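What you see is a predicted model; the values in this text were computed from it and never measured. Computation of the quantities below employed the complete heavy-atom set of this structure, encompassing side-chain atoms and omitting hydrogens, waters and symmetry-equivalent molecules. Proteins come first, then strands; the chains are lettered A, B, ... in the order of their sequence lines, and each starts at number 1.
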2 protein chains.
Amino acid sequence: MEKKKYERKTMQTKKEIKDAFISLIEEKGFNAVTVRDIATRAKINRGTFYLHYLDKFDLLEKCEQEIFQKIEGIARELNSSNMKELFSSGRPLPFIVNLFHYFQKDASFLKVILSPKGDPLFEEKLRNTIIDNMFRNISNIPNMSNLNIPLEVMTQFISSAHLGVIRYWLNTDMKQTPEEISSMLVQMILKGPLEASGLIKIIMEQK
Amino acid sequence: MEKKKYERKTMQTKKEIKDAFISLIEEKGFNAVTVRDIATRAKINRGTFYLHYLDKFDLLEKCEQEIFQKIEGIARELNSSNMKELFSSGRPLPFIVNLFHYFQKDASFLKVILSPKGDPLFEEKLRNTIIDNMFRNISNIPNMSNLNIPLEVMTQFISSAHLGVIRYWLNTDMKQTPEEISSMLVQMILKGPLEASGLIKIIMEQK
DNA sequence: TCAAAATTCAACATCGTGTTCATTTAAAAG
DNA sequence: CTTTTAAATGAACACGATGTTGAATTTTGA
(Lines give C-alpha, C1' and ligand atoms only; values in the text may rest on other atoms or scores of the structure.)
Protein backbone atom coordinates (compact mmCIF):
# COMPACT_ATOMS: atom_id res chain seq x y z
CA MET A 1 0.00 0.00 0.00
CA GLU A 2 3.06 2.19 0.00
CA LYS A 3 3.89 2.66 -3.65
CA LYS A 4 0.43 2.00 -4.96
CA LYS A 5 -1.17 4.88 -3.18
CA TYR A 6 -1.90 7.07 -6.14
CA GLU A 7 -1.89 4.27 -8.65
CA ARG A 8 -5.52 4.55 -9.61
CA LYS A 9 -5.22 8.14 -10.77
CA THR A 10 -2.08 7.41 -12.74
CA MET A 11 -3.65 4.41 -14.41
CA GLN A 12 -6.66 6.40 -15.46
CA THR A 13 -4.50 9.04 -17.08
CA LYS A 14 -2.45 6.37 -18.83
CA LYS A 15 -5.59 4.72 -20.12
CA GLU A 16 -6.87 8.03 -21.48
CA ILE A 17 -3.53 8.57 -23.19
CA LYS A 18 -3.59 5.11 -24.75
CA ASP A 19 -7.18 5.44 -25.93
CA ALA A 20 -6.42 8.80 -27.50
CA PHE A 21 -3.29 7.32 -29.04
CA ILE A 22 -5.10 4.41 -30.67
CA SER A 23 -7.88 6.54 -32.10
CA LEU A 24 -5.35 9.00 -33.46
CA ILE A 25 -3.27 6.29 -35.13
CA GLU A 26 -6.47 5.06 -36.75
CA GLU A 27 -7.22 8.54 -38.07
CA LYS A 28 -3.88 9.84 -39.27
CA GLY A 29 -1.39 7.01 -38.86
CA PHE A 30 1.26 6.63 -36.19
CA ASN A 31 3.82 8.80 -37.94
CA ALA A 32 1.50 11.76 -38.23
CA VAL A 33 0.40 11.62 -34.62
CA THR A 34 2.02 14.27 -32.40
CA VAL A 35 2.31 14.45 -28.64
CA ARG A 36 0.18 17.58 -28.87
CA ASP A 37 -2.56 15.58 -30.60
CA ILE A 38 -2.49 12.93 -27.91
CA ALA A 39 -2.61 15.44 -25.07
CA THR A 40 -5.47 17.36 -26.65
CA ARG A 41 -7.50 14.24 -27.38
CA ALA A 42 -6.86 12.80 -23.92
CA LYS A 43 -7.74 16.16 -22.39
CA ILE A 44 -4.54 16.37 -20.44
CA ASN A 45 -1.69 18.83 -20.37
CA ARG A 46 1.08 18.15 -22.83
CA GLY A 47 3.56 18.13 -19.96
CA THR A 48 1.61 15.34 -18.28
CA PHE A 49 2.34 13.08 -21.22
CA TYR A 50 6.04 13.44 -20.55
CA LEU A 51 5.52 12.46 -16.92
CA HIS A 52 4.52 9.00 -18.14
CA TYR A 53 6.33 8.44 -21.42
CA LEU A 54 9.56 9.59 -23.01
CA ASP A 55 7.92 10.26 -26.37
CA LYS A 56 5.37 8.72 -28.70
CA PHE A 57 7.75 5.88 -29.56
CA ASP A 58 8.02 4.96 -25.92
CA LEU A 59 4.24 4.92 -25.67
CA LEU A 60 4.01 2.69 -28.74
CA GLU A 61 6.55 0.30 -27.27
CA LYS A 62 4.68 0.06 -23.98
CA CYS A 63 1.43 -0.69 -25.81
CA GLU A 64 3.06 -3.40 -27.87
CA GLN A 65 4.76 -4.92 -24.85
CA GLU A 66 1.38 -5.46 -23.23
CA ILE A 67 0.25 -7.43 -26.25
CA PHE A 68 3.31 -9.64 -26.37
CA GLN A 69 3.10 -10.34 -22.65
CA LYS A 70 -0.41 -11.62 -23.14
CA ILE A 71 0.65 -13.74 -26.10
CA GLU A 72 3.48 -15.21 -24.05
CA GLY A 73 0.94 -16.04 -21.38
CA ILE A 74 -1.17 -17.89 -23.92
CA ALA A 75 1.84 -19.81 -25.19
CA ARG A 76 2.89 -20.78 -21.67
CA GLU A 77 -0.43 -22.17 -20.55
CA LEU A 78 -0.47 -24.67 -23.42
CA ASN A 79 1.42 -27.91 -23.28
CA SER A 80 3.65 -27.69 -26.31
CA SER A 81 1.48 -29.29 -28.92
CA ASN A 82 2.53 -32.33 -30.87
CA MET A 83 3.22 -31.52 -34.47
CA LYS A 84 2.68 -35.05 -35.66
CA GLU A 85 -0.78 -35.11 -34.13
CA LEU A 86 -1.58 -31.79 -35.74
CA PHE A 87 -0.60 -32.89 -39.20
CA SER A 88 -2.59 -36.08 -39.11
CA SER A 89 -5.66 -34.62 -37.42
CA GLY A 90 -6.00 -31.64 -39.74
CA ARG A 91 -6.93 -29.54 -36.75
CA PRO A 92 -5.49 -26.11 -35.99
CA LEU A 93 -2.84 -25.75 -33.32
CA PRO A 94 -4.39 -24.84 -29.96
CA PHE A 95 -1.93 -21.96 -29.80
CA ILE A 96 -3.35 -20.48 -32.99
CA VAL A 97 -6.94 -20.91 -31.88
CA ASN A 98 -6.23 -19.24 -28.55
CA LEU A 99 -4.37 -16.49 -30.34
CA PHE A 100 -7.47 -15.72 -32.38
CA HIS A 101 -9.58 -15.74 -29.24
CA TYR A 102 -7.27 -13.20 -27.68
CA PHE A 103 -7.09 -11.09 -30.84
CA GLN A 104 -10.85 -10.86 -30.76
CA LYS A 105 -10.65 -9.21 -27.36
CA ASP A 106 -7.94 -6.68 -28.18
CA ALA A 107 -9.15 -6.24 -31.75
CA SER A 108 -9.33 -2.45 -31.71
CA PHE A 109 -5.64 -2.02 -31.01
CA LEU A 110 -4.42 -4.96 -33.08
CA LYS A 111 -6.45 -3.95 -36.10
CA VAL A 112 -4.90 -0.49 -36.07
CA ILE A 113 -1.35 -1.47 -35.24
CA LEU A 114 -1.29 -4.17 -37.95
CA SER A 115 -2.67 -1.81 -40.58
CA PRO A 116 -0.45 0.28 -42.88
CA LYS A 117 -1.12 3.16 -40.49
CA GLY A 118 0.39 1.23 -37.62
CA ASP A 119 3.84 -0.19 -36.98
CA PRO A 120 5.46 -2.46 -39.58
CA LEU A 121 7.88 -3.76 -36.95
CA PHE A 122 4.98 -5.09 -34.91
CA GLU A 123 3.89 -7.38 -37.73
CA GLU A 124 7.44 -8.67 -38.07
CA LYS A 125 7.68 -9.41 -34.36
CA LEU A 126 4.29 -11.09 -34.38
CA ARG A 127 5.28 -13.25 -37.34
CA ASN A 128 8.37 -14.42 -35.49
CA THR A 129 6.35 -15.16 -32.37
CA ILE A 130 3.90 -17.27 -34.35
CA ILE A 131 6.64 -19.24 -36.04
CA ASP A 132 8.53 -19.77 -32.78
CA ASN A 133 5.46 -21.21 -31.11
CA MET A 134 4.38 -23.20 -34.14
CA PHE A 135 7.69 -24.93 -34.71
CA ARG A 136 8.79 -24.94 -31.10
CA ASN A 137 10.09 -28.50 -31.09
CA ILE A 138 11.20 -28.81 -34.67
CA SER A 139 14.85 -27.76 -34.40
CA ASN A 140 15.86 -31.19 -33.10
CA ILE A 141 14.65 -32.90 -36.24
CA PRO A 142 17.49 -34.22 -38.40
CA ASN A 143 17.70 -34.16 -42.18
CA MET A 144 16.47 -30.61 -42.31
CA SER A 145 19.19 -29.57 -44.69
CA ASN A 146 17.92 -31.53 -47.67
CA LEU A 147 14.40 -30.17 -47.84
CA ASN A 148 12.97 -29.36 -51.26
CA ILE A 149 12.44 -25.83 -50.02
CA PRO A 150 14.69 -24.07 -47.49
CA LEU A 151 13.15 -24.06 -44.03
CA GLU A 152 13.39 -20.27 -43.88
CA VAL A 153 11.47 -19.82 -47.11
CA MET A 154 8.76 -22.10 -45.82
CA THR A 155 8.47 -20.33 -42.47
CA GLN A 156 8.29 -16.94 -44.17
CA PHE A 157 5.55 -18.30 -46.37
CA ILE A 158 3.55 -19.70 -43.46
CA SER A 159 3.95 -16.77 -41.09
CA SER A 160 3.18 -14.17 -43.75
CA ALA A 161 0.11 -16.10 -44.85
CA HIS A 162 -1.08 -16.24 -41.25
CA LEU A 163 -0.60 -12.52 -40.78
CA GLY A 164 -2.45 -11.81 -44.01
CA VAL A 165 -5.46 -13.79 -42.84
CA ILE A 166 -5.31 -12.26 -39.35
CA ARG A 167 -5.24 -8.76 -40.83
CA TYR A 168 -8.18 -9.56 -43.11
CA TRP A 169 -10.17 -11.11 -40.28
CA LEU A 170 -9.67 -8.07 -38.05
CA ASN A 171 -10.49 -5.64 -40.85
CA THR A 172 -13.73 -7.43 -41.70
CA ASP A 173 -14.90 -7.31 -38.08
CA MET A 174 -14.21 -10.96 -37.30
CA LYS A 175 -17.22 -12.45 -39.06
CA GLN A 176 -15.85 -15.96 -38.51
CA THR A 177 -15.30 -17.54 -35.10
CA PRO A 178 -11.72 -18.11 -33.96
CA GLU A 179 -12.26 -21.81 -34.53
CA GLU A 180 -13.54 -21.29 -38.09
CA ILE A 181 -10.80 -18.95 -39.20
CA SER A 182 -7.96 -20.98 -37.72
CA SER A 183 -9.44 -24.09 -39.26
CA MET A 184 -9.40 -22.42 -42.68
CA LEU A 185 -5.78 -21.50 -42.10
CA VAL A 186 -4.63 -24.98 -41.22
CA GLN A 187 -6.49 -26.45 -44.18
CA MET A 188 -4.74 -24.03 -46.52
CA ILE A 189 -1.38 -24.86 -44.92
CA LEU A 190 -1.94 -28.61 -45.21
CA LYS A 191 -3.51 -28.81 -48.68
CA GLY A 192 -2.63 -25.52 -50.27
CA PRO A 193 -5.13 -22.65 -50.55
CA LEU A 194 -6.53 -23.63 -53.97
CA GLU A 195 -7.25 -27.18 -52.97
CA ALA A 196 -8.53 -26.27 -49.50
CA SER A 197 -10.97 -23.70 -50.82
CA GLY A 198 -12.22 -25.98 -53.56
CA LEU A 199 -11.42 -23.38 -56.19
CA ILE A 200 -9.12 -25.67 -58.12
CA LYS A 201 -11.91 -28.18 -58.51
CA ILE A 202 -14.32 -25.56 -59.83
CA ILE A 203 -11.79 -24.33 -62.36
CA MET A 204 -10.92 -27.81 -63.55
CA GLU A 205 -14.56 -28.70 -64.06
CA GLN A 206 -14.98 -25.78 -66.43
CA LYS A 207 -14.63 -26.68 -70.07
CA MET B 1 14.00 20.29 -78.41
CA GLU B 2 12.04 23.06 -76.78
CA LYS B 3 11.22 21.78 -73.38
CA LYS B 4 13.97 19.20 -73.10
CA LYS B 5 16.82 21.65 -73.28
CA TYR B 6 18.02 21.40 -69.72
CA GLU B 7 16.58 17.99 -69.08
CA ARG B 8 19.88 16.24 -68.55
CA LYS B 9 20.91 18.49 -65.69
CA THR B 10 17.54 18.11 -64.00
CA MET B 11 17.62 14.35 -64.33
CA GLN B 12 21.01 14.15 -62.75
CA THR B 13 19.87 16.14 -59.74
CA LYS B 14 16.77 14.00 -59.41
CA LYS B 15 18.84 10.85 -59.52
CA GLU B 16 21.14 12.16 -56.79
CA ILE B 17 18.09 12.98 -54.69
CA LYS B 18 16.62 9.52 -55.15
CA ASP B 19 19.89 7.75 -54.38
CA ALA B 20 20.32 9.79 -51.22
CA PHE B 21 16.69 9.10 -50.34
CA ILE B 22 17.02 5.33 -50.66
CA SER B 23 20.22 5.13 -48.65
CA LEU B 24 18.70 7.30 -45.93
CA ILE B 25 15.56 5.17 -45.68
CA GLU B 26 17.81 2.15 -45.31
CA GLU B 27 19.69 3.84 -42.48
CA LYS B 28 16.99 5.50 -40.41
CA GLY B 29 13.67 4.54 -41.93
CA PHE B 30 11.41 6.67 -44.10
CA ASN B 31 9.72 8.43 -41.21
CA ALA B 32 12.95 9.62 -39.68
CA VAL B 33 14.33 10.94 -42.96
CA THR B 34 14.13 14.74 -43.28
CA VAL B 35 14.38 16.92 -46.36
CA ARG B 36 17.51 18.36 -44.76
CA ASP B 37 19.03 14.88 -44.64
CA ILE B 38 18.25 14.27 -48.28
CA ALA B 39 19.69 17.62 -49.41
CA THR B 40 22.85 17.15 -47.39
CA ARG B 41 23.40 13.59 -48.60
CA ALA B 42 22.67 14.53 -52.22
CA LYS B 43 24.97 17.52 -51.90
CA ILE B 44 22.34 19.96 -53.08
CA ASN B 45 20.70 23.00 -51.56
CA ARG B 46 17.64 22.29 -49.51
CA GLY B 47 15.70 24.71 -51.68
CA THR B 48 16.60 22.70 -54.76
CA PHE B 49 14.70 19.74 -53.36
CA TYR B 50 11.52 21.80 -53.34
CA LEU B 51 12.05 22.72 -57.00
CA HIS B 52 11.46 19.06 -57.85
CA TYR B 53 9.23 17.64 -55.14
CA LEU B 54 6.54 18.97 -52.83
CA ASP B 55 7.89 17.10 -49.83
CA LYS B 56 9.36 13.72 -48.94
CA PHE B 57 5.98 12.04 -49.40
CA ASP B 58 5.80 13.32 -52.94
CA LEU B 59 9.27 11.94 -53.59
CA LEU B 60 8.25 8.57 -52.17
CA GLU B 61 5.18 8.51 -54.37
CA LYS B 62 7.19 9.27 -57.51
CA CYS B 63 9.64 6.50 -56.69
CA GLU B 64 6.85 4.02 -56.16
CA GLN B 65 5.05 5.07 -59.32
CA GLU B 66 8.12 4.16 -61.37
CA ILE B 67 8.02 0.66 -59.92
CA PHE B 68 4.35 0.13 -60.63
CA GLN B 69 4.70 1.41 -64.17
CA LYS B 70 7.33 -1.21 -64.81
CA ILE B 71 5.18 -3.91 -63.27
CA GLU B 72 2.26 -2.87 -65.45
CA GLY B 73 4.56 -3.15 -68.44
CA ILE B 74 5.46 -6.69 -67.47
CA ALA B 75 1.81 -7.60 -67.04
CA ARG B 76 0.89 -6.13 -70.42
CA GLU B 77 3.51 -7.93 -72.45
CA LEU B 78 2.22 -11.30 -71.28
CA ASN B 79 -0.74 -12.98 -72.86
CA SER B 80 -3.01 -13.50 -69.91
CA SER B 81 -2.01 -16.94 -68.77
CA ASN B 82 -4.40 -19.82 -68.57
CA MET B 83 -5.12 -20.79 -64.99
CA LYS B 84 -6.14 -24.30 -65.85
CA GLU B 85 -2.86 -24.93 -67.60
CA LEU B 86 -0.99 -23.52 -64.61
CA PHE B 87 -2.71 -25.74 -62.10
CA SER B 88 -2.14 -28.92 -64.05
CA SER B 89 1.43 -28.16 -65.09
CA GLY B 90 2.64 -27.20 -61.63
CA ARG B 91 4.67 -24.44 -63.19
CA PRO B 92 4.79 -20.86 -61.92
CA LEU B 93 2.81 -18.16 -63.70
CA PRO B 94 4.96 -16.36 -66.27
CA PHE B 95 3.87 -13.12 -64.65
CA ILE B 96 5.38 -14.17 -61.32
CA VAL B 97 8.62 -15.35 -62.91
CA ASN B 98 9.00 -12.09 -64.80
CA LEU B 99 8.19 -10.17 -61.65
CA PHE B 100 11.08 -11.86 -59.87
CA HIS B 101 13.36 -11.09 -62.80
CA TYR B 102 12.43 -7.44 -62.56
CA PHE B 103 12.72 -7.37 -58.76
CA GLN B 104 16.25 -8.65 -59.13
CA LYS B 105 17.12 -5.56 -61.15
CA ASP B 106 15.55 -2.98 -58.85
CA ALA B 107 16.42 -4.97 -55.73
CA SER B 108 18.07 -2.13 -53.84
CA PHE B 109 14.95 0.02 -53.77
CA LEU B 110 12.45 -2.81 -53.40
CA LYS B 111 14.35 -4.39 -50.53
CA VAL B 112 14.29 -1.12 -48.60
CA ILE B 113 10.76 -0.06 -49.40
CA LEU B 114 9.33 -3.47 -48.49
CA SER B 115 11.22 -3.58 -45.19
CA PRO B 116 9.75 -2.29 -41.92
CA LYS B 117 11.77 0.86 -42.52
CA GLY B 118 9.96 1.48 -45.79
CA ASP B 119 6.33 2.09 -46.68
CA PRO B 120 3.66 -0.35 -45.45
CA LEU B 121 1.24 0.96 -48.09
CA PHE B 122 3.60 -0.16 -50.82
CA GLU B 123 3.36 -3.77 -49.73
CA GLU B 124 -0.41 -3.54 -49.70
CA LYS B 125 -0.50 -2.10 -53.22
CA LEU B 126 1.94 -4.74 -54.45
CA ARG B 127 -0.16 -7.51 -52.93
CA ASN B 128 -3.22 -6.23 -54.75
CA THR B 129 -1.31 -6.00 -58.01
CA ILE B 130 -0.12 -9.58 -57.69
CA ILE B 131 -3.60 -10.87 -56.94
CA ASP B 132 -5.14 -8.86 -59.79
CA ASN B 133 -2.72 -10.32 -62.30
CA MET B 134 -2.85 -13.82 -60.87
CA PHE B 135 -6.64 -14.13 -60.91
CA ARG B 136 -7.22 -11.87 -63.86
CA ASN B 137 -9.81 -14.07 -65.52
CA ILE B 138 -11.35 -15.66 -62.50
CA SER B 139 -14.22 -13.31 -61.79
CA ASN B 140 -16.33 -14.86 -64.54
CA ILE B 141 -16.28 -18.23 -62.88
CA PRO B 142 -19.65 -19.22 -61.39
CA ASN B 143 -20.25 -21.02 -58.10
CA MET B 144 -17.74 -18.89 -56.32
CA SER B 145 -20.10 -18.26 -53.44
CA ASN B 146 -20.04 -21.78 -52.08
CA LEU B 147 -16.33 -22.20 -51.64
CA ASN B 148 -15.09 -23.90 -48.48
CA ILE B 149 -13.09 -20.78 -47.77
CA PRO B 150 -14.16 -17.25 -48.75
CA LEU B 151 -12.34 -16.07 -51.87
CA GLU B 152 -11.05 -12.99 -50.04
CA VAL B 153 -9.51 -15.08 -47.28
CA MET B 154 -7.79 -17.23 -49.87
CA THR B 155 -6.44 -14.28 -51.83
CA GLN B 156 -5.14 -12.63 -48.67
CA PHE B 157 -3.43 -15.88 -47.79
CA ILE B 158 -1.83 -16.23 -51.22
CA SER B 159 -0.76 -12.63 -51.69
CA SER B 160 0.65 -12.32 -48.18
CA ALA B 161 2.56 -15.56 -48.59
CA HIS B 162 4.01 -14.29 -51.86
CA LEU B 163 5.09 -11.02 -50.30
CA GLY B 164 6.68 -12.87 -47.41
CA VAL B 165 8.78 -14.95 -49.76
CA ILE B 166 9.65 -11.94 -51.92
CA ARG B 167 10.81 -10.01 -48.85
CA TYR B 168 12.90 -12.94 -47.68
CA TRP B 169 14.43 -13.46 -51.10
CA LEU B 170 15.44 -9.79 -51.37
CA ASN B 171 16.82 -9.70 -47.84
CA THR B 172 18.98 -12.77 -48.39
CA ASP B 173 20.50 -11.29 -51.54
CA MET B 174 18.53 -13.40 -54.00
CA LYS B 175 20.48 -16.63 -53.61
CA GLN B 176 17.91 -18.49 -55.73
CA THR B 177 17.19 -17.73 -59.37
CA PRO B 178 13.84 -16.18 -60.23
CA GLU B 179 12.81 -19.52 -61.70
CA GLU B 180 13.76 -21.43 -58.58
CA ILE B 181 12.07 -19.13 -56.10
CA SER B 182 8.84 -18.81 -58.08
CA SER B 183 8.79 -22.56 -58.53
CA MET B 184 9.01 -23.01 -54.76
CA LEU B 185 6.14 -20.59 -54.37
CA VAL B 186 3.82 -22.34 -56.78
CA GLN B 187 4.60 -25.71 -55.24
CA MET B 188 3.69 -24.37 -51.80
CA ILE B 189 0.48 -22.89 -53.19
CA LEU B 190 -0.51 -26.11 -54.94
CA LYS B 191 0.44 -28.67 -52.28
CA GLY B 192 0.76 -26.61 -49.14
CA PRO B 193 4.12 -25.54 -47.70
CA LEU B 194 4.62 -28.60 -45.45
CA GLU B 195 3.99 -31.08 -48.22
CA ALA B 196 5.92 -29.11 -50.84
CA SER B 197 9.01 -28.77 -48.67
CA GLY B 198 8.96 -32.42 -47.66
CA LEU B 199 8.95 -31.46 -44.00
CA ILE B 200 5.73 -33.29 -43.27
CA LYS B 201 7.23 -36.53 -44.52
CA ILE B 202 10.31 -36.15 -42.35
CA ILE B 203 8.21 -35.51 -39.27
CA MET B 204 5.89 -38.42 -39.95
CA GLU B 205 8.82 -40.79 -40.37
CA GLN B 206 10.05 -39.90 -36.92
CA LYS B 207 9.01 -42.35 -34.19
C1' DT C 1 -8.09 19.04 7.36
C1' DC C 2 -3.41 18.01 5.79
C1' DA C 3 0.52 16.20 3.27
C1' DA C 4 1.93 13.97 -0.83
C1' DA C 5 1.40 12.98 -5.42
C1' DA C 6 -0.34 14.16 -9.86
C1' DT C 7 -1.39 17.52 -12.97
C1' DT C 8 -1.32 22.16 -14.91
C1' DC C 9 0.57 26.33 -16.83
C1' DA C 10 3.78 29.40 -19.02
C1' DA C 11 8.12 29.90 -20.87
C1' DC C 12 12.28 28.39 -23.32
C1' DA C 13 15.72 26.90 -26.92
C1' DT C 14 15.97 23.75 -30.70
C1' DC C 15 14.87 21.79 -35.00
C1' DG C 16 12.45 20.70 -39.42
C1' DT C 17 9.20 22.78 -42.57
C1' DG C 18 7.86 25.19 -46.72
C1' DT C 19 8.22 29.66 -48.99
C1' DT C 20 10.42 33.90 -50.75
C1' DC C 21 13.70 36.51 -53.54
C1' DA C 22 17.96 38.06 -55.06
C1' DT C 23 22.15 36.01 -56.70
C1' DT C 24 25.24 32.75 -58.76
C1' DT C 25 26.32 28.78 -61.65
C1' DA C 26 26.14 26.15 -65.65
C1' DA C 27 24.40 24.53 -70.04
C1' DA C 28 22.80 25.33 -74.78
C1' DA C 29 22.72 28.36 -78.78
C1' DG C 30 24.44 31.92 -81.69
C1' DC D 1 33.77 33.20 -76.95
C1' DT D 2 29.59 35.47 -75.67
C1' DT D 3 24.83 35.62 -74.77
C1' DT D 4 20.68 33.69 -73.14
C1' DT D 5 18.12 31.19 -70.03
C1' DA D 6 17.18 27.53 -66.93
C1' DA D 7 18.82 25.43 -62.73
C1' DA D 8 20.74 25.77 -58.41
C1' DT D 9 22.28 28.48 -54.42
C1' DG D 10 22.08 31.10 -50.07
C1' DA D 11 19.84 33.71 -46.71
C1' DA D 12 15.87 34.96 -44.41
C1' DC D 13 11.20 34.25 -42.66
C1' DA D 14 7.06 32.47 -39.94
C1' DC D 15 5.23 28.36 -38.25
C1' DG D 16 4.65 24.36 -35.53
C1' DA D 17 6.31 20.22 -32.85
C1' DT D 18 9.73 18.96 -29.51
C1' DG D 19 11.40 18.08 -24.83
C1' DT D 20 12.54 20.50 -20.55
C1' DT D 21 12.02 23.51 -16.53
C1' DG D 22 10.06 25.50 -12.21
C1' DA D 23 6.31 27.38 -9.86
C1' DA D 24 1.42 27.00 -9.02
C1' DT D 25 -2.69 24.27 -8.62
C1' DT D 26 -5.66 20.32 -8.11
C1' DT D 27 -6.63 15.75 -6.58
C1' DT D 28 -6.00 11.93 -3.62
C1' DG D 29 -5.74 9.16 0.45
C1' DA D 30 -4.99 9.26 5.32
J.: Name the nucleic acid region contacted by A/Leu51, choosing base, sugar-phosphate or nothing; use a 4.0 angstrom heavy-atom cut-off, strictly under.
T.: base
J.: Nearest whole angstrom, please: distance from the P of C/dT17 to the OH of B/Tyr53.
T.: 16 Å
J.: Given D/dA8, C/dC9, C/dA28, identify the nucleotide with an atom nearest to the side chain of A/Asn45.
T.: C/dC9
J.: Taking the six-membered ring of B/Tyr102 as reference, does the NZ or CZ atom of B/Lys70 fall below 6.0 Å from its centre and within a 45° cone about the axis?
T.: no
J.: Measure the distance from OH on A/Tyr50 to C1' on C/dT8 and round it to the nearest whole Å.
T.: 15 Å
J.: With B/Lys56 as the cation and B/Phe30 as the aromatic partner, state whether NZ or CZ is under 6.0 Å from the six-membered ring centre and within 45° of the axis.
T.: yes
J.: Quick check for you: among D/dT9, D/dA7, D/dT20, whose closest atom lies nearest to any side-chain atom of B/Thr48?
T.: D/dT9
J.: What is the distance, to the nearest angstrom, from the CD1 atom on A/Ile38 to the C1' atom on D/dT18?
T.: 13 Å
J.: From D/dT5, D/dT9, C/dT7, pick the nucleotide closest to the side chain of B/Ile44?
T.: D/dT9
J.: What is the distance from CZ of A/Phe57 to P of D/dG19, rounded to the nearest Å?
T.: 8 Å
J.: So for the helix from C/dT1-D/dA30 to C/dG30-D/dC1, with five pairs setting each end axis, what is the inter-axis angle to 10°?
T.: 30°
J.: If we check side chain to side chain donor-acceptor pair (under 3.5 Å) with A/Gln12, which of these qualifies: A/Glu16, A/Lys15, A/Arg8, A/Lys9?
T.: A/Glu16
J.: Mind calculating the distance between OH (B/Tyr6) and C1' (C/dA27) to the nearest angstrom?
T.: 5 Å
J.: Can you confirm whether the side chains of B/Arg91 and B/Ser183 place a donor and an acceptor under 3.5 Å from each other?
T.: no
J.: To the side chain of B/Arg36, which of C/dG16, D/dA7, C/dT8 is closest?
T.: C/dG16
J.: If the threshold is 4.0 Å, N to carboxylate O, is there a salt bridge linking A/Lys191 and B/Glu195?
T.: no
J.: For B/Asp55 and C/dT19, what is the distance between atoms CG and P respectively, to the nearest whole Å?
T.: 9 Å
J.: State plainly whether the residues A/Glu123 and A/Arg127 are in salt-bridge range, i.e. N to O under 4.0 Å.
T.: yes
J.: CD of B/Gln12 versus P of C/dA26: gap in Å, rounded?
T.: 12 Å
J.: Salt bridge check, A/Arg136 against A/Asp132: does any charged N sit closer than 4.0 Å to a carboxylate O?
T.: no
J.: If you assign B/Arg46 and B/Lys9 each to the DNA chain D nucleotide with the nearest heavy atom, which residue ends up on the more 5' nucleotide?
T.: B/Lys9
J.: Establish, with yes or no, whether the OP1 or OP2 oxygen of C/dA6 is under 4.0 angstrom from a side-chain nitrogen or oxygen of A/His52.
T.: no
J.: How close or far is atom P of D/dA17 from atom CG of A/Leu24, stated in whole angstroms?
T.: 13 Å
J.: When all nucleic acid strands are considered with a 4.0 Å heavy-atom cut-off, which category describes B/Thr34: base, sugar-phosphate, or nothing?
T.: sugar-phosphate
